[in-house]
Amino acid sequence: MMYVVRNRYKESLKPADFPKVNKLIDEGIIPAMEKVQGVRSVRAFNGLSGEVILLVEIDELAAIDRALVDEEYGRIAAGMFDYMVRVGGEVWYDRGSWAKCYGRDTTTQERP
């Protein structure tokens, strides 16, 4: 299961701030989040529209709750607010996770 986090760069950022943001993500956010129980991996992508997108592979949705209350992750993630605004989050289910959460794979139709 993937949890997708979208952040938008603040318009007030200077070009010199972008390496600081990437360092914070690579050396702070990703390692801290990967220590949280239930988080398998974290990958970061920069979009052309000024967004940073984090793809967080998780075992269960509770992993996101654990990350949000984790003191180390929270302390590090707070530094993102200097550079970015959170604009959304969503969950992407692989078919096995969908079936585990909802009882069966409703993405395919059974034929009579």
Within 6.0 Å of CZ in F81, more than 12 heavy atoms from elsewhere: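 Atom CZ in F81 is not packed in, count stays at 12 or less.
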Check this for me: Q37, atom CD, are more than 12 non-hydrogen atoms of other residues, nucleotides or ligands nearer than 6.0 Å?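 For Q37, atom CD is not crowded (no more than 12 foreign heavy atoms under 6.0 Å).
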Give me the atom names and distance for the closest heavy-atom approach of [X] to [Y].
{"X": "G28", "Y": "I76", "answer": "C-CG2, 3.5 Å"}
{"X": "P31", "Y": "D26", "answer": "CD-O, 3.4 Å"}
{"X": "A67", "Y": "Y73", "answer": "O-CD2, 3.1 Å"}
{"X": "A63", "Y": "V36", "answer": "O-CG1, 3.7 Å"}

Less than 4.5 Å apart, side chain to side chain, heavy atoms only: is that true for I25 and V42?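 A side-chain contact is absent here, since even the closest heavy-atom pair is not under 4.5 Å.
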4.5 Å side-chain heavy-atom contact, V39 and V56: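 They are in side-chain contact.
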Atom [atom1] of [X] and atom [atom2] of [Y]: how far apart are they, to the nearest 0.5 Å?
{"X": "R8", "Y": "E51", "atom1": "CZ", "atom2": "CD", "value": "8.5 Å"}
{"X": "Y3", "Y": "L55", "atom1": "OH", "atom2": "CG", "value": "12.0 Å"}
{"X": "D70", "Y": "R66", "atom1": "CG", "atom2": "CZ", "value": "10.5 Å"}
{"X": "M1", "Y": "D59", "atom1": "CE", "atom2": "CG", "value": "8.0 Å"}
{"X": "I29", "Y": "M80", "atom1": "CD1", "atom2": "CE", "value": "5.5 Å"}
{"X": "D82", "Y": "L13", "atom1": "CG", "atom2": "CG", "value": "9.5 Å"}

Decide side-chain contact (heavy atoms from CB on, under 4.5 Å) for N46 and N22; before the verdict, give the C-alpha distance in whole Å, the side-chain angles of both, and the deciding distance to 0.1 Å. CA-CA 9 Å; N46 290 13; N22 288 332; 3.6 Å; yes
Please answer: with hydrophobic residues joined when any side-chain heavy atoms are less than 4.5 Å apart, are M33 and V69 in the same cluster?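 Different clusters: M33 never reaches V69 through Ile, Leu, Val, Met, Phe, Trp or Tyr contacts under 4.5 Å.
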K14 and D17 ion-paired at < 4.0 Å: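 A salt bridge is absent here (no side-chain N lies under 4.0 Å from a carboxylate O).
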